[in-house]
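To find a chain, count down the sequence lines: A is the first, B the second, and so on, and within it residues start at 1. Values reported hereafter were calculated over all heavy atoms of this structure, with side chains retained and with hydrogens, waters and symmetry mates removed.
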Amino acid sequence: MEKYIEKLKLSAKPAELSELTVNKENETLQAENPLVVCCITLGKEPHLGHLFLLAIAEQTKSALGGDLPVILINNNMGPRAAGAVVSLAEAWGLNLAEAVELMRAGTFPVSEVVERYRKRSEDVANIRTVNELIRSSGVDVFSVVAQETEQALKQAGFGVEIASEAELQLVSGDKVHKLNSMWSGSGFLPFVQGGRVVTIQKSGELTATGALFVATQTLIDATMADLAVLVDDKAEVGDTAFVLSEKEGQERGVQIFGAGVSFTGKIASGTRGEAMTIKKILGEFGKHRPAEKLKRATVYLTLTKPMLREENMLSKRGHIFDFVNNEEVITALVESADACDLFEEQIAEEMENLATKVGEKTVVKNKKTQKFANHLAHKATALRTGEPARVLAESKRVVDGVRQNYYFNTLKGMLKFMTDLDTISKDDFVQVGLMIECCLTRLGL
Amino acid sequence: MEKTPNTPLFEKEKLIQAVYAEKKGRETYGENPFTCYVNIDSPEPDLSQITATLLDELSSRPREAFLWTKAWDKSVVGLNPKETLGCHLMEGVDTRGKLYVPVMTTAAAAVEQMVSLLPEGDLAVLGINTEVFTVDAFLICYLHLINELIWDITIADSGGGRPSVSHYKQAVESVAERGFVTVFMTEDEILETKLRNPQTSLRIYGSMVNKYVPKIMGAVIK
């Protein structure tokens, strides 16, 4: 008689492919209309670490060009946001719907919202009810913090716009079904490609990756962006970039690492209040230099300040800028603002010097520089046309602890080139001028 | 006046408690040193393949499998495209386990359709609680009931003595040779069967990790 296990093996069916089939013919990086995105929970006021994150986002946005501003997705959904609402309802004797509505309207001051966020409830049933209220109405329960943050960022010179994740999800439609039609509707939705699994939905709820994917895809659809650059070290950011690219078969999502902050080697987040809020930094910085220079000072600092080295255990948690304390941060930002001004003055001076060297042809002092001079016109065209793949590859590199920037490096190379010249032709002088102008624009200082 | 308990409900709870207390020589403390990862690639996995790979895994590694079953056969239903489909028994500390993404569904799966495709055997009937409807909850119940059957045979073969690896190996081989029939039963039917035939083994879900797994997972009727 045939054994039962043999019958089982005979009746087993061959495995089906649950990977998404994508056309991978066109893998060229397109970035005519890039969108730079970061995601912050505005249940508490953004702090120094977020300032660096946004500066890196601004730096990336400027380097890639395009017209779209940096979008900060306000992560105002999920158990933490709902927990803050439940805590507020309990503290003020409100029912949950009233608490949601009053938080949407910005009735409570920032300090109260932050307090409730810190003391958020863990009542599962109430959190579920509030989650559903937020999901069905798309309201921003952190609106008061979002408004204040947007205002502070504008004063600091940032062009960041804040988008509410709840609103994005409300208008998103079904963005996840197509990612895996086999699992769609089951309450669990994995995106599977090349042996890698990204969980988009589990237990009927979007995961952090799923929520970020839906919000980013909704922004991409609304802005017709051809590339989304997500700035942050978090795993869900890398997973979202992976899904955005792999579902299309071409690079449509890229992760750029953000930056954390430590004080003498210890992570300084805003949660325990070690790192100053952006609002406070703006106030302190404004006592020494014009407040609107804060963005430029921060961007310049991210271009020049070394991060903690790899051999340091802490850096395994990401890219960290280390300071002694908040006072040193303000000093560093003020010095950075001055260094940035000085750098621009130096460039202007070098251009003036160069004007005195204009002659019949370009003559250089050494052979290495000659090679650069020979290809000047070609380099100028490539630079002005924009090279997104090189720009992004460079921004992922760290040399001697310093984050690299394609245009900053080019600019430093140009300064060296200018000092190495004996004479420069009129045409080459124009090309150098255009290249420098382009680099300064793309640095976004 | 003292509150009178609802008799049928009271009886049911008493029965569940009695079944729960009946450990049948299995460990009552500590972590399971092994985990069975059930690799699936769709919400309607091939039950024949899962069953065959489980029995193959248990018969090829009887020492480990014995310890696994003795410690209440912990299973994780997951998705790992880099591994073959079906069951993989691993040590709890094995880092390969981290490659499995736990499957957590909420919607009804075509579990009756899946069961209907299974070949039938004659060693026992596995009666699965009809309240089970998600695929991960179903697989948890199904695998626990197969293990319950194997353990029942193991302790029967040990003749009241201490169950050993060789008894366990024989039990696995016996299940692999003669097989079983899988049916769906209501909770009342499961309890009635137990009351009528004390030889029936019930399996209670103690961990409560998966909220879609009913407390009474099912019965092994011999």
Side-chain angles (χ1 to χ4, degrees), chain A residues 1-22 124-125 128 131-132 135 174 176-177 179-210 235-236 238-239 242-243 246, chain B residues 39-56 58-59 77-86 99-110 114 116-124 133-137 172-181 210-212:
Chain A
M1 198 178 78
E2 192 177 26
K3 283 185 178 181
Y4 182 69
I5 194 163
E6 299 305 330
K7 287 187 200 168
L8 285 169
K9 286 176 183 175
L10 280 174
S11 69
K13 56 185 182 199
E16 287 176 53
L17 188 74
S18 71
E19 287 200 2
L20 194 72
T21 308
V22 289
V124 177
R128 198 175 296 143
N131 256 337
E132 197 41 51
R135 200 200 327 260
D174 185 5
V176 300
H177 167 81
L179 295 176
N180 195 331
S181 51
M182 187 187 276
W183 285 91
S184 180
S186 73
F188 174 75
L189 200 128
F191 178 79
V192 187
Q193 201 67 35
R196 181 170 166 183
V197 183
V198 174
T199 310
I200 301 293
Q201 189 187 39
K202 70 177 178 190
S203 301
E205 301 284 343
L206 286 174
T207 59
T209 303
E236 63 257 33
D239 284 343
F242 172 77
V243 176
E246 290 297 321
Chain B
N39 190 20
I40 64 172
D41 66 344
S42 89
E44 284 180 40
D46 184 346
L47 217 47
S48 292
Q49 185 182 42
I50 289 169
T51 316
T53 51
L54 174 73
L55 294 172
D56 272 344
L58 303 188
S59 64
V77 180
L79 191 141
N80 177 2
K82 290 183 175 165
E83 186 53 271
T84 54
L85 295 175
L99 298 173
Y100 287 80
V101 175
V103 169
M104 293 186 221
T105 64
T106 50
M114 281 158 53
S116 71
L117 298 173
L118 274 175
E120 294 191 348
D122 62 4
L123 196 56
F133 67 97
T134 69
V135 65
D136 34 320
V172 173
E173 277 167 11
S174 161
V175 172
E177 187 167 330
R178 290 179 55 194
F180 47 83
V181 173
N210 187 319
K211 64 178 179 181
Y212 293 96

field: Nearest non-hydrogen partners of B:Pro81 and A:Val197, listed with the distance
entry: CD-CG2, 3.2 Å
- prompt: Tell me, side chain or backbone of B:Leu99 under 4.5 Å from chain A's heavy atoms, or both, or neither?
  reply: neither
- request: Among B:Val101, B:Thr134, B:Asp136, B:Thr106, find the one that has a side chain to side chain contact (heavy atoms under 4.5 Å, CB included) with A:Phe188.
  value: B:Val101
message: So for atom CD, which belongs to B:Glu120, do other residues, nucleotides or ligands contribute more than 12 heavy atoms lying within a distance under 6.0 Å?
response: no
task: Starting at CD of B:Glu44, measure out to OG of A:Ser186 and round the result to the nearest 0.5 Å.
output: 10.5 Å
query: Can you say whether A:Ser11 sits under 4.5 Å from chain B via the side chain, the backbone, both, or neither, judging by heavy atoms?
result: both
- prompt: Nearest 0.5 Å, what's the CG-CG distance between B:Leu79 and A:Asn180?
  reply: 8.5 Å
field: Flag, side chain of A:Tyr4 to backbone of B:Ser174, donor-acceptor distance under 3.5 Å
entry: no
query: When rounded to the nearest 0.5 angstrom, what is the spacing between CE in B:Met104 and CG in A:Leu189?
result: 14.0 Å
- line: Note: vs chain B, highest number of non-hydrogen pairs under 4.5 angstrom among A:Glu6, A:Lys9, A:Gln201 is A:Lys9
- request: Kindly compute the distance separating OG1 (B:Thr53) from CG (A:Leu8), expressed to the nearest 0.5 Å.
  value: 9.5 Å
B:Phe180 portion near chain A, given a 4.5 angstrom heavy-atom threshold: both
field: Nearest heavy-atom neighbours spanning A:Trp183 and B:Ile40
entry: CH2-CD1, 3.7 Å
- prompt: OG/B:Ser48 to CG/A:Leu10 distance, rounded to the nearest 0.5 angstrom?
  reply: 9.5 Å
field: Pairwise distance CZ(B:Arg178) to CD1(A:Ile5) - rounded to 0.5 angstrom
entry: 15.5 Å
Region of B:Asp56 in contact with chain A, defined by heavy-atom distances below 4.5 Å: both
